[in-house]
There are 2 protein chains.
Amino acid sequence: MSLPHAILTALLEKPSSGLELTRRFDRSIGYFWSATHQQIYRELGKLEQGGLIRALPSERPARGQKKEFEVLPAGRAELAQWASREQESKPIRDALLLRLRAAAVVGREGLDDELRRHLAVHRRQLTQYEAIESRDFAAAADPEDRLRRLVLRAGIGLETFWVAWLEEALAEVGDIGDTETGGRPGA
Amino acid sequence: MSLPHAILTALLEKPSSGLELTRRFDRSIGYFWSATHQQIYRELGKLEQGGLIRALPSERPARGQKKEFEVLPAGRAELAQWASREQESKPIRDALLLRLRAAAVVGREGLDDELRRHLAVHRRQLTQYEAIESRDFAAAADPEDRLRRLVLRAGIGLETFWVAWLEEALAEVGDIGDTETGGRPGA
DNA sequence: AGGCATTCTGCAACAAGGTGCAAAATACTG
DNA sequence: CAGTATTTTGCACCTTGTTGCAGAATGCCT
């Protein structure tokens with residue numbers, strides 16, 4: 001539903017080829033809206049066909065040949081229209097939480113290893129976000145950058161939350177294991 | 001990928017019919033793994049066919065007739081096995097953040113209304129979670145409940161984060177509008 | 001009993017996301 | 001220049017999630 005708009009936004013920030021977009025979806029925009037290169041190419045095709053973007057003219061258009069896209073006025077209008085519509089915020093969908101709930105009925109085998117693994121991942125991500133913030137947004141400047149910084153700060157806040165929660169969870173799970181009757185290992 | 005395991009977990013907590021499951025997916029489990037009734041019926045069919053669950057015998061099995069399911073040993077084994085496997089935590093996918101990013105290039109028309117709307121939603125959800133916590137988990141009891149409480153606390157933490165971030169965002173967007181050159185309204 | 005709403009189950013079609021694979025151009029290497 | 005790797009684009013297919021609709025049992029109302 002939103003992939004086309006993610007692409008339009010990315011292309012407005014900077015006209016790009018499919019592969020360049022893919023790279024940018026591995027950073028930046030991809031931090032809150034991920035997409036694979038096949039999704040991106042498919043969507044570029046649709047957007048071009050719909051007259052929302054166009055390929056910049058190149059000498060020899062061919063299959064393995066790089067193709068750059070830019071947003072047409074219709075595309076910008078569509079994005080503006082989408083952005084001013086109401087959006088439903090869809091509920092949480094988190095496998096780790098589901099897993100905890102499952103652990104409550106089938107045992108906590110390997111649970112703390114998993115929690116530790118996730119903790120490491122979120123700590124790393126948090127560090128990376130913080131590096132980006134102090135590198136790119138040291139001095140809050142124009143309105144555009146202030147909005148982008150706001151988005152980044154959401155990422156930082158979320159990762160901060162997960163780190164804190166995972167630490168709490170590890171302590172709790174450890175404590176459950178300790179206090180369990182007879183010291184039976186969790187299972 | 002995880003819906004069958006969500007259903008197995010729910011059925012282990014309490015054998016249920018499709019509609020009862022649907023109701024429980026609107027609360028409880030649904031707070032972190034939502035599903036519609038069609039998904040649930042489809043999956044129940046597959047799980048039954050795969051020998052992981054079975055329908056409790058009823059006098060007159062027929063189409064509009066209630067059908068209760070319980071988990072078979074194979075189902076419990078599958079769930080235990082899934083729960084002890086490593087899970088990839090998939091990245092954030094949030095339309096509101098994407099929208100902010102879009103607003104940076106096409107204008108902030110109606111942005112603060114949207115932020116306010118989301119703020120109200122998250123505040124309400126937070127209140128509800130907190131009510132559940134003090135109602136159901138006032139005294140932390142057996143290991144199962146302690147794990148379920150941990151899951152609930154993740155929900156509380158996430159909603160708390162969103163409320164804080166949305167308040168920050170509203171202040172920031174308001175400030176951008178104020179300081180913009182010549183007092184031009186945000187667009 | 002007839003009619004109507006509700007409960008409960010389910011099909012069919014569609015939309016979106018993801019995986020695997022491959023073809024065409026280009027760059028590198030001996 | 002032949003062979004191999006990389007870059008860039010793309011197709012076909014599969015899974016997951018969503019929407020719309022409908023059939024069958026049940027209970028209620030008059």
Side-chain angles (χ1 to χ4, degrees), chain A residues 1-8 10-11 15-26 29-30 32-50 53-56 58-69 82 87-95 98, chain B residues 1-8 10-11 15-26 29-30 32-50 53-56 58-69 82 87-95 98:
Chain A
M1 195 54 145
S2 304
L3 179 58
H5 304 104
I7 291 178
L8 286 172
L11 286 180
S16 309
S17 69
L19 199 59
E20 278 163 16
L21 276 179
T22 304
R23 300 254 162 78
R24 292 170 61 199
F25 271 78
D26 287 339
I29 301 207
F32 52 90
W33 201 277
S34 62
T36 64
H37 71 113
Q38 286 86 349
Q39 277 176 279
I40 290 169
Y41 281 113
R42 196 190 314 170
E43 205 60 48
L44 282 173
K46 284 187 201 167
L47 288 170
E48 190 182 18
Q49 201 142 18
I53 63 175
R54 66 165 190 143
L56 292 181
S58 88
E59 301 102 53
R60 209 159 14 109
R63 186 171 164 118
Q65 191 73 321
K66 190 164 152 180
K67 209 158 86 177
E68 291 230 307
F69 291 94
W82 172 81
Q87 312 281 333
E88 293 310 314
S89 67
K90 71 168 176 29
I92 311 170
R93 211 79 172 312
D94 191 289
L98 182 55
Chain B
M1 194 55 144
S2 303
L3 178 59
H5 304 105
I7 292 179
L8 287 171
L11 286 181
S16 308
S17 69
L19 199 59
E20 278 164 16
L21 275 178
T22 303
R23 299 255 163 77
R24 291 170 62 199
F25 271 79
D26 287 338
I29 301 207
F32 53 91
W33 202 277
S34 61
T36 63
H37 73 113
Q38 287 86 350
Q39 272 178 282
I40 289 169
Y41 281 114
R42 195 194 312 174
E43 205 60 47
L44 282 173
K46 284 188 199 164
L47 288 170
E48 189 181 20
Q49 199 143 19
I53 63 175
R54 68 167 188 141
L56 292 181
S58 87
E59 302 102 53
R60 209 160 14 110
R63 184 172 166 119
Q65 192 74 322
K66 190 164 153 180
K67 207 158 87 177
E68 290 231 307
F69 291 94
W82 172 82
Q87 314 279 334
E88 293 311 314
S89 68
K90 69 167 177 27
I92 311 169
R93 212 84 173 308
D94 191 289
L98 182 56

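Just so we're on the same page: letters track the sequence lines, and every chain starts at 1.
- In this structure, A:Ile7 places its CD1 atom 12 Å from P of D:dT9, rounding to the nearest Å.
- Whole-Å rounding puts the A:Glu68 CD to D:dT7 C1' distance at 14 Å.
- Once rounded to the nearest 0.5 Å, the distance linking CG of A:Leu3 with CD of A:Glu43 reads 4.5 Å.
- Phosphate proximity of C:dG17 to B:Lys90: absent, as no side-chain N or O sits under 4.0 Å from OP1 or OP2.
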Check residues 18-26 of chain B and write down every donor-acceptor pair under 3.5 Å in which the side-chain atom is one partner and the other belongs to a residue at least two apart or another chain.
unit_1  : atom_1 : unit_2  : atom_2 : d
B:Glu20 : OE1    : B:Ser17 : N      : 3.3
B:Glu20 : OE2    : B:Lys66 : NZ     : 3.2
B:Thr22 : OG1    : B:Gly18 : O      : 2.9
B:Arg24 : NH1    : B:Ala10 : O      : 3.1
B:Arg24 : NH1    : B:Lys14 : O      : 3.1
B:Arg24 : NH1    : B:Ser16 : OG     : 2.9
B:Arg24 : NH2    : B:Ala10 : O      : 2.9
B:Arg24 : NH2    : B:Glu13 : OE1    : 3.4

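- The rotation axes computed at either terminus of the helix from C:dA1-D:dT30 to C:dG30-D:dC1 lie 0° apart, taking five pairs at each end and rounding to 10 degrees.
- Each of B:Ser2 and A:Glu20 has a nearest nucleotide on DNA chain D; the 5'-most of these lies closest to A:Glu20.
- Within the 4.0 Å cut-off from OP1 or OP2 of C:dA16, not a single side-chain nitrogen or oxygen of B:Arg93 is found.
- Taking atom CG of B:Leu3 as the reference point, atom P of C:dA16 lies 20 Å away to the nearest angstrom.
- Within residues 38-47 of chain A, the residues approaching DNA chain D are A:Gln38, A:Tyr41, by heavy-atom distance under 4.0 Å.
- Closest approach of B:Ala35 to B:Ile40, counting heavy atoms only: CB-CG1, 4.1 Å.
- Contacts of B:Glu48 classified as side chain to side chain contact (heavy atoms under 4.5 Å, CB included), with partners at least two apart in sequence or in another chain: B:Ile53, B:Ala55, B:Lys67, B:Phe69.
- Relative to the side chain of B:Leu19, the nucleotides D:dG10, C:dT7, D:dT19 differ in distance, and C:dT7 lies closest.
- When all heavy atoms of B:Ala95 and A:Trp33 are compared, the closest pair comes out as N-CZ3, 3.8 Å.
- For the pair B:Leu21 CG and C:dG10 P, the interatomic distance rounds to 12 Å; values are reported in whole Å.
- Judged by distance alone, with hydrogens and angles left aside, the side-chain atoms of B:Gln39 form a donor-acceptor pair with the main-chain N or O of B:Thr36 at under 3.5 Å.
- In this structure, CZ of A:Phe25 is placed 15 Å from C1' of C:dG18, rounded to the nearest angstrom.
- Within the structure, a side-chain polar atom (N or O) of B:Ser17 is placed less than 4.0 Å from OP1 or OP2 of C:dT9.
- Atom CD1 of B:Ile29 sits about 9.5 Å away from atom CD1 of B:Ile7, to the nearest 0.5 Å.
- Under the side-chain hydrogen bond (donor to acceptor under 3.5 Å, both in side chains) criterion, A:Arg54 pairs with A:Glu70, not counting sequence neighbours.
- You'll find that the side chain of A:His37 is closest to C:dC21, out of C:dG17, C:dC21, C:dT9.
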